[in-house]
Every structure is written in C-alpha cells, then in structure tokens.
Amino acid sequence: MGSMEVHEALLRGQAEVWQFMFSFADSMVLKSAVELRLADIIHSHDGPISLFQIASGINSSCPDISYLARIMRMLVRKGIFVAHRSSDGGEILYGSTNISTWLLHDSELSLAPMILVENHKWLLEPWHYLSQCVKEGGIAFKKAHGCEIWDFASQNPEFNKLFNKAMECTAKLVMKAFISQYKDEFENVRSVVDVGGGTGGILAEIVKNFPGIKGVNFDLPHVVATAPVYEGVSHVGGDMFEVIPNADAVFMKWILHDWDDETCIKILKNCRKAIPEKSGKLVLIEIVLQEDGNHTFGEAGAIFDLVMFAHTTGGKERTELEWKKLLEEGGFPRYKIINIPALPSVIEAYPE
C-alpha cells in the first residue's frame with residue numbers, strides 16, 4: 001500500500017474507534033425516546049406531527065424544545081423516526097417507522113420494557129467490570145452490586161418489577177413466533193411445566209393455544225407471588241436445582257443461557273426426572289449461535305452472549321455443538337432444532 005492508502009486506512013480506523021467509543025449514545029437516546037413516550041405521541045396522530053405537537057404530548061409542564069429537537073435529530077438519523085418538511089416548506093414533521101412501532105408502551109408487541117431495564121443504571125454497572133473479570137475471574141454483576149442478579153431481584157421490589165415486565169414483553173414476542181411454527185408437537189402432551197416461567201404469561205399462551213393442556217408455572221417463590229391468575233395455569237414456587245414438578249413436557253425459555261455448563265447439566269438432569277422415560281420431552285427456546293451471525297438479527301446473538309457475561313452467574317449463549325454436548329450430559333441424547341421467526345430457536349430434546 002502507498003502512503004496515501006495507509007493514511008486513508010488509518011483515518012477510517014480512527015473514525016471507527018470514535019463510533020465504537022460513543023456507541024452507548026445510541027442506547028441512551030433510545031431509552032430517552034421510550035421514557036418520553038415519543039413513539040406513543042407520534043403514533044397517536046393520523047400522520048406526521050411537528051416538534052411542538054410532540055412536546056405538548058410529553059408529561060411535563062415546561063418541556064425544553066431545543067433539547068427535544070436534538071434528541072429527535074439523532075432518532076431520525078438512526079431511522080427510528082422519519083422527518084420531512086411540511087408542504088409549505090416550513091416546520092419539520094416527524095412520523096413513525098417499523099422501528100418506532102416496537103417502542104410503543106401500550107402495544108401487545110413492544111420492546112419498551114426491555115429497553116428500560118437493560119439500560120437502567122443497575123444493569124449497566126456490571127459492564128464496567130468485564131475486564132476485571134478477565135483478569136481475576138468472578139461475576140460482573142456481583143462485583144458491581146455485592147450479590148448475584150437473582151438475589152438482587154428478591155431484595156429489590158422495584159428491580160424485580162422492571163425485570164419481570166421486560167421478561168414478559170420478550171416472552172410475548174417469542175411466543176407469537178413459537179406458536180406460529182410449533183403447532184403439532186404438543187398433540188399428545190397433556191401437561192407442561194414451564195421452568196423459570198416468571199409470572200406465567202408464556203404458559204398462559206401455550207394453554208390458550210393448545211386446549212386440554214394442564215400448565216404448571218414453576219419459579220422462585222418471590223416471582224410467582226406476584227403472578228396473576230390464568231385459566232388452566234397453576235403457579236408453584238420452588239427451586240429448579242432441587243426438584244421440578246412432574247409433567248409430560250418441560251418447557252424453558254431463555255433459562256439455560258443464564259448458567260454455566262455444570263449448573264445447566266444439573267438443571268437438565270432434574271428435567272429428565274420430571275418427565276416420562278419414553279414419551280416425555282424437553283422444549284427449549286434458546287439462541288443457537290452461528291459463526292457468521294444471524295441473517296435477520298445480525299450480531300444480536302453474540303451481543304446476548306456478552307449480556308450473559310455481564311448479568312449472570314457464568315451464563316452464555318451456545319453453538320449447536322455446545323448444546324449437543326450439554327444435552328447429552330444432561331440425559332437427552334436426541335434433539336432437533338426448529339427455526340422460528342425470532343432471535344432464538346426451538347430445541348426439542350428427548351430422553352432416549
């Protein structure tokens with residue numbers, strides 16, 4: 001390479017570093033959009049609206065228009081909203097996009113609660129300890145807060161509420177995709193236990209879409225204590241490391257990725273004990289990492305792996321080979337992967 005090419009390559013490298021350095025600004029401005037309910041305000045109108053109309057919808061007696069304009073400018077640059085001049089060439093009008101649809105608070109399918117919890121200071125703090133974990137081992141969340149995430153949730157009702165709402169919103173998204181593809185596999189199943197089922201929303205959808213199935217929502221006592229009543233679903237408090245309620249099938253959504261291999265094997269062995277030896281099965285919803293990324297969700301799987309690093313006790317995302325090894329050691333020698341229109345896949349495993 002000539003000196004000019006080297007100079008240009010280095011300059012591009014510098015530009016990339018600046019982008020990486022301030023990439024947190026993307027998530028912070030996204031969080032601000034959710035907190036200000038900007039998507040809800042714009043969506044509530046029949047068409048694009050002005051900055052002053054947006055400001056009038058914000059829950060404040062004196063919103064700062066200049067600050068709002070700067071936030072909207074970045075949100076438009078990122079494609080979260082669109083903007084154009086009014087027909088008379090005067091003020092700028094802002095409209096919704098396919099991205100902003102996912103920021104609506106009152107929508108059945110929304111990522112707003114997940115955005116709020118993942119960008120809360122409680123969950124951002126552990127990210128500052130990644131390099132320290134590399135140097136000396138340990139758990140990032142515990143280094144930041146003095147305890148592990150599940151203990152933190154049990155001791156902090158506000159965090160527990162935020163976390164449960166976030167889990168509920170992602171559950172709705174994944175379950176819609178799951179049910180659209182997983183139609184006949186519950187045909188001979190009469191009972192399902194959802195291990196780590198949170199407040200029961202996932203299981204309620206399964207029972208609703210597959211009539212005749214008895215559902216047991218199984219989670220820690222402080223989690224099920226706040227669970228609403230769902231028809232066909234019973235809530236049971238307990239510890240998956242000790243014993244799991246018996247059922248024809250064990251269902252787990254994004255549970256095993258929270259734990260290291262040794263702990264996962266212990267959970268899987270308890271799942272194996274909970275189902276019939278010949279007809280029972282395990283249904284997992286988990287990310288299956290691909291070396292070249294996901295064609296729709298890009299590097300989201302690899303990013304989730306770092307989320308597990310920051311927030312869990314040895315949790316991680318896994319490749320198919322890693323899942324195969326884990327399942328075999330946990331008592332499930334056979335499995336198949338079913339792709340669904342979502343970030344995770346369905347892994348169906350059998351005890352023989």
Side-chain angles (χ1 to χ4, degrees), residues 11-12 14-128 156-159 161-170 172-173 297-300 303 307 310:
L11 190 62
R12 287 194 299 272
Q14 181 192 151
E16 290 292 333
V17 171
W18 281 110
Q19 290 291 330
F20 287 133
M21 190 188 310
F22 291 108
S23 59
F24 69 88
D26 291 349
S27 59
M28 290 298 100
V29 78
L30 184 66
K31 179 189 176 187
S32 71
V34 172
E35 291 174 329
L36 294 169
R37 292 180 172 262
L38 300 181
D40 299 85
I41 294 168
I42 295 173
H43 186 77
S44 66
H45 290 72
D46 293 333
I49 60 175
S50 69
L51 195 65
F52 286 95
Q53 286 175 298
I54 296 172
S56 66
I58 295 174
N59 184 24
S60 171
S61 59
C62 53
D64 191 302
I65 299 294
S66 63
Y67 285 159
L68 177 61
R70 290 157 72 179
I71 285 175
M72 290 302 299
R73 177 171 58 193
M74 179 57 78
L75 291 169
V76 169
R77 286 181 67 90
K78 292 297 178 180
I80 295 169
F81 298 112
V82 293
H84 64 268
R85 290 282 177 184
S86 58
S87 57
D88 59 6
E91 58 190 349
I92 298 175
L93 301 178
Y94 300 89
S96 301
T97 68
N98 289 332
I99 300 176
S100 64
T101 299
W102 295 97
L103 309 185
L104 297 171
H105 284 76
D106 300 324
S107 172
E108 181 67 17
L109 299 178
S110 171
L111 282 169
M114 191 69 170
I115 292 167
L116 293 177
V117 75
E118 286 296 339
N119 291 286
H120 194 286
K121 60 183 179 181
W122 289 327
L123 287 187
L124 289 176
E125 183 65 21
W127 288 88
H128 294 279
N156 188 325
E158 183 182 352
F159 175 75
K161 184 178 179 180
L162 281 171
F163 187 82
N164 284 339
K165 282 187 176 180
M167 295 304 99
E168 287 168 12
C169 88
T170 57
K172 289 177 182 178
L173 301 183
F297 293 92
E299 298 302 318
I303 293 169
V307 172

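If you read the sequence from its start, that first residue is 1, and numbering goes on from there.
Annotation: side chain of Q14 is in contact with side chain of L11 (closest heavy-atom distance under 4.5 Å). At a threshold of 4.5 Å between non-hydrogen side-chain atoms, the residues L103 and L38 do not count as touching. Counting heavy atoms from C-beta outward, L36 and I41 have side chains that stay 4.5 Å or more apart. Counting only heavy atoms from C-beta outward, the side chains of N119 and V34 never approach each other to under 4.5 Å. Here the side chains of L173 and M114 are not in contact, with every heavy-atom distance at 4.5 Å or above. For the pair W122 and L162, the minimum side-chain heavy-atom distance is below 4.5 Å.
Pairs passing the side chain to side chain donor-acceptor pair (under 3.5 Å) check and including a residue from residues 39-62, sequence neighbours excluded, read D40-H105, S50-Q53. Under the salt bridge (Lys or Arg N to Asp or Glu O under 4.0 Å) criterion, no residue pair touches residues 90-119, with sequence neighbours excluded. Pairs of residues two or more places apart, or lying in two chains, never qualify as ring-ring contact (aromatic ring centres under 6.0 Å, His included) while including a residue from residues 64-87. Listed by first and then second residue, the salt bridge (Lys or Arg N to Asp or Glu O under 4.0 Å) pairs that reach into residues 20-38 are D26-K78, K31-E35, sequence neighbours excluded.
The side-chain contact (heavy atoms from CB on, under 4.5 Å) search around A69 returns L51, not counting sequence neighbours. For K161, the salt bridge (charged side-chain N to carboxylate O under 4.0 Å, His left out) test picks out no residue, with sequence neighbours left out. Applying the side chain to side chain donor-acceptor pair (under 3.5 Å) rule to H120 yields no partners; only residues at least two apart in sequence or on another chain are considered. Every residue meeting the side chain to side chain donor-acceptor pair (under 3.5 Å) condition with E168, not counting sequence neighbours, appears here in chain and number order: T199. Under the side chain to side chain donor-acceptor pair (under 3.5 Å) criterion, N156 pairs with no residue, sequence neighbours left out. S110 meets the side-chain contact (heavy atoms from CB on, under 4.5 Å) test with S107, A112, P113; sequence neighbours excluded. For D64, there are no salt bridge (charged side-chain N to carboxylate O under 4.0 Å, His left out) partners, not counting sequence neighbours. E16 meets the side chain to side chain donor-acceptor pair (under 3.5 Å) test with no other residue; sequence neighbours excluded.
For M74, the CE atom counts as loosely surrounded, since its 6.0 Å shell holds 12 or fewer non-hydrogen atoms of other residues, nucleotides or ligands.
Using cut-offs of 30° and 60° for the angle between ring planes, the F22 and F24 rings count as tilted.
Considering all non-hydrogen atoms of both residues, S96 and V82 come closest at O-CG2, 3.9 Å. What you find for I80 and S100 is that their closest heavy atoms are O-CB, 3.2 Å. Of all the heavy atoms in I54 and Y94, the pair that sits closest is CD1-CD1, 3.8 Å.
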Assess the residue pair V307 and L123 against the criterion (side-chain contact (heavy atoms from CB on, under 4.5 Å)); give the C-alpha distance rounded to whole Å, side-chain angles, the decisive distance to 0.1 Å, and a yes or no.
CA-CA 9 Å; V307 172; L123 287 187; over 6 Å; no
Under the side-chain contact (heavy atoms from CB on, under 4.5 Å) rule, what do R85 and L93 come out as? Steps first, then yes or no, please.
CA-CA 6 Å; R85 290 282 177 184; L93 301 178; over 6 Å; no
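Once rounded to the nearest 0.5 Å, the distance linking CG of L30 with CG of L75 reads 7.5 Å.
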